[in-house]
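Okay, structure first, notes after.
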Number of protein chains: 2
Amino acid sequence: MTGAEQLIREITTSSLADEVRDALARRWQPGDGRIHEISRYALLAPGKLLRPLLLAATAETCGAPREQVLPAALAVEYLHVASLVHDDIIDGDDLRRGRASVHARFGMSDAIVTGDALLFQVFASLAECADRGASDRAVLAAIGVLAKAGVDLCEGQAQEARLAAAADGTVAEYLRVAELKTGALFRGACRAGALLAGAEPATADGITRYAEHAGLAFQLRDDVLPYVGDAAVVGKPDTSDAANLRLTMPVLLAREVAGPQDRAALDRALTADLTARERFAVLTEVLDRTGALEKTQQRAEAEAALAEAELESLSPSEGRDLLSALARLSTSRDR
Amino acid sequence: MTGAEQLIREITTSSLADEVRDALARRWQPGDGRIHEISRYALLAPGKLLRPLLLAATAETCGAPREQVLPAALAVEYLHVASLVHDDIIDGDDLRRGRASVHARFGMSDAIVTGDALLFQVFASLAECADRGASDRAVLAAIGVLAKAGVDLCEGQAQEARLAAAADGTVAEYLRVAELKTGALFRGACRAGALLAGAEPATADGITRYAEHAGLAFQLRDDVLPYVGDAAVVGKPDTSDAANLRLTMPVLLAREVAGPQDRAALDRALTADLTARERFAVLTEVLDRTGALEKTQQRAEAEAALAEAELESLSPSEGRDLLSALARLSTSRDR
């Protein structure tokens, strides 16, 4: 068993993961209504529930009773899955988690509408926490935080599309997009969890920094993955980033150190009219030769270490252990 | 000046409409970020702001201070506009409010993402009401109501698509879709307004019934409009419902009374491979000959009267006058 497999087992067999998974299955039993059925299809795919666990583990670390925050943990999954459903339409990805993506299976129209319905479910579910004993004030704060995270996520998606199109993107621009796109939901989930638990501002801020570092580590590993995994493991075409000409950290780092020949090869790969597979072959070679993949991985590990450091001031708990495992998984996962 | 023009003037020059319009313009000043700019384009189109006025007028009728509920009124407009942006993608409508629709102007990807961002703004804006003195409990109730309305709206859109495809739709199915699709937001806006104002349950229920009748009247008039207006007045292609083979009340009523010849013409229009314009010509003739347009209009007026009757128990106020004008406009508008 690899380190990543061990971590995934530790995370997915935790009692908190059990409760989140059970709550999700209970909430999304077969029902009537087409959107309900498509939502079930999208939500009950075998994901690792990392983002809802970020919220639930943070809330637990900060002292909230589990049953008060479970609907908020589900809300984070709804938000994440809604964005995946719409992303897959935009990117033309027909595979997700090893199955047909929602639009590939149910058509674009219903995929758009199902994503929208899931976004409404986010806030219906958050509001439920107040019925379970969380204070009205704390629930409203969590709603504000996740609504803001959602807006940031959308801005990040739009900026990413423009960055992809621009051949001259910089590391600073990349980091800004990562902060909005992946970072927003990590940060939102953790901060909402802390606020729901009524954490002190200093504690909530520390957890928020944890989330920012972990989110960046996760995104950097995501950039490396297509070149170390394979389509079967990752659950989506391994050439998707390349096919969409997405500007990733390895490409940016490779450009910094590349000699004239590698630089020309990179530019050709990102602009010329190559097939996805040809582009991927060129990128793999240059990214490997310039050491850009290795550097990206190192940077991811440094971010994960910074994330873990933020947990030191928290009292030991199952929640804290889970947050630590999630940070370590963010850089070692192979899917 | 027609009756509709008079009503529109009464509504759009009301002090409440002024405040909603000003709040919207203040909130959406030019800024940075592509999604912000596209949102401005979508939100600052010259609409009549009927749905936010439903919320604001209801809240005022029930005694809430205006400044407390203005962000909630804006939230209703965000929800409505988000659904229009996504609807236009689904229906392939390139015109909206007399200008290019968002996807026609900015591309499908950014249109999907902008709609999503507006849905997040709905709840960010609702949460703001608590900072302005509305009680946390009331704000959470309003959030729950509008989240539920959003889910209903999505289910209504999906059901409408299937009803359109089915040649054998019934009036009962039509009413169910109208209740979900148009009705949900009318109902949600009014109910949220009443709850924000801390209205008694009986008052909130009466206002909710007002909204249900007014919403149905609005939808029925919407069905009649393509046959009495023209593309320039309506601001979208007058053949859109026909082009999308949408099953409308006039078609359903026509089928009930049609002789064999008209029935065959209807079936051909809704299934055969006609151009949108040919289909529209056949429908216009049959709907007129069978009296279906007139019957639909009568039914709309009956619903508007039921809506107005629900207002009688409320104390006189500018808000109540506005709700009355909105009910009358729902059946007389020509755009």
Side-chain angles (χ1 to χ4, degrees), chain A residues 32-39 79 82-83 86-87 89-91 106-131 135-159 161-162 180, chain B residues 32-39 79 82-83 86-87 89-91 106-131 135-159 161-162 180:
Chain A
D32 57 355
R34 177 160 171 87
I35 296 301
H36 181 91
E37 282 312 310
I38 305 177
S39 299
L79 203 170
S83 88
H86 284 179
D87 258 4
I89 298 172
I90 291 171
D91 294 342
F106 300 99
M108 187 195 73
S109 299
D110 281 346
I112 291 180
V113 176
T114 299
D116 291 351
L118 286 171
L119 293 185
F120 289 114
Q121 296 285 4
V122 170
F123 297 95
S125 200
L126 280 165
E128 274 176 37
C129 294
D131 306 330
S135 86
D136 290 350
R137 189 99 288 231
V139 175
L140 277 175
I143 286 171
V145 160
L146 281 168
K148 174 68 169 56
V151 173
D152 283 349
L153 177 64
C154 292
E155 188 60 54
Q157 285 172 308
Q159 287 192 18
R162 300 177 96 191
L180 289 170
Chain B
D32 57 355
R34 178 160 171 87
I35 297 299
H36 181 90
E37 283 312 310
I38 305 177
S39 299
L79 203 170
S83 88
H86 285 179
D87 258 5
I89 298 172
I90 291 170
D91 293 343
F106 300 98
M108 188 194 73
S109 299
D110 282 346
I112 291 180
V113 176
T114 299
D116 291 351
L118 286 172
L119 293 185
F120 288 115
Q121 296 284 5
V122 170
F123 296 96
S125 200
L126 280 165
E128 275 176 36
C129 295
D131 306 329
S135 87
D136 290 349
R137 189 99 288 231
V139 175
L140 277 174
I143 286 171
V145 159
L146 281 168
K148 175 68 168 56
V151 173
D152 283 349
L153 177 64
C154 292
E155 188 60 55
Q157 285 172 309
Q159 287 191 19
R162 301 178 95 191
L180 290 169

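Chain letters run A, B, ... following the sequence lines, proteins first and then strands; every chain starts at 1.
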Applying side-chain contact (heavy atoms from CB on, under 4.5 Å), run through Arg34(A) and Phe106(A) and close with a yes or a no. CA-CA 10 Å; Arg34(A) 177 160 171 87; Phe106(A) 300 99; 4.0 Å; yes
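- For the set Leu126(A), Val113(A), Val139(A), the count of heavy-atom pairs under 4.5 angstrom toward chain B peaks at Val113(A).
- The side-chain heavy atoms of Ile143(A) and Leu140(B), taken from C-beta on, include a pair separated by under 4.5 Å.
- Both the backbone and the side chain of Glu155(B) come within less than 4.5 Å of a heavy atom in chain A.
- Residues of residues 114-121 of chain A that come within less than 4.5 angstrom of chain B, heavy atom to heavy atom, are Asp116(A), Ala117(A), Leu119(A), Phe120(A), Gln121(A) in numerical order.
- Considering CD1 of Ile89(B) and CE of Met108(B), their distance stands at 6.5 Å, rounded to 0.5 Å.
- Ranking Ala158(B), Ala130(B), Ser39(B), Cys154(B) against chain A, the residue ahead of the rest is Cys154(B), based on heavy-atom pairs under 4.5 Å.
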Which donor-acceptor pairs under 3.5 Å do side chains of residues 144-153 of chain B form with protein atoms, sequence neighbours excluded?
from      : atom 1 : to        : atom 2 : distance (Å)
Lys148(B) : NZ     : Asp152(B) : OD1    : 3.2
Lys148(B) : NZ     : Asp152(B) : OD2    : 3.1

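- Between Leu79(B) and Val122(B) the shortest heavy-atom distance is N-CG2, 3.5 Å.
- Taking the six-membered ring where the residue is Trp, Phe123(A) and Phe123(B) present parallel rings, their angle staying beneath 30° rather than reaching 60°.
- Interatomic distance, Ile90(B) CD1 to Gln157(B) CD, rounded to the nearest 0.5 Å: 5.5 Å.
- Options Ala127(A), Ser109(A), Gly33(A) differ in how many heavy-atom pairs under 4.5 Å they form with chain B, and the most are formed by Ser109(A).
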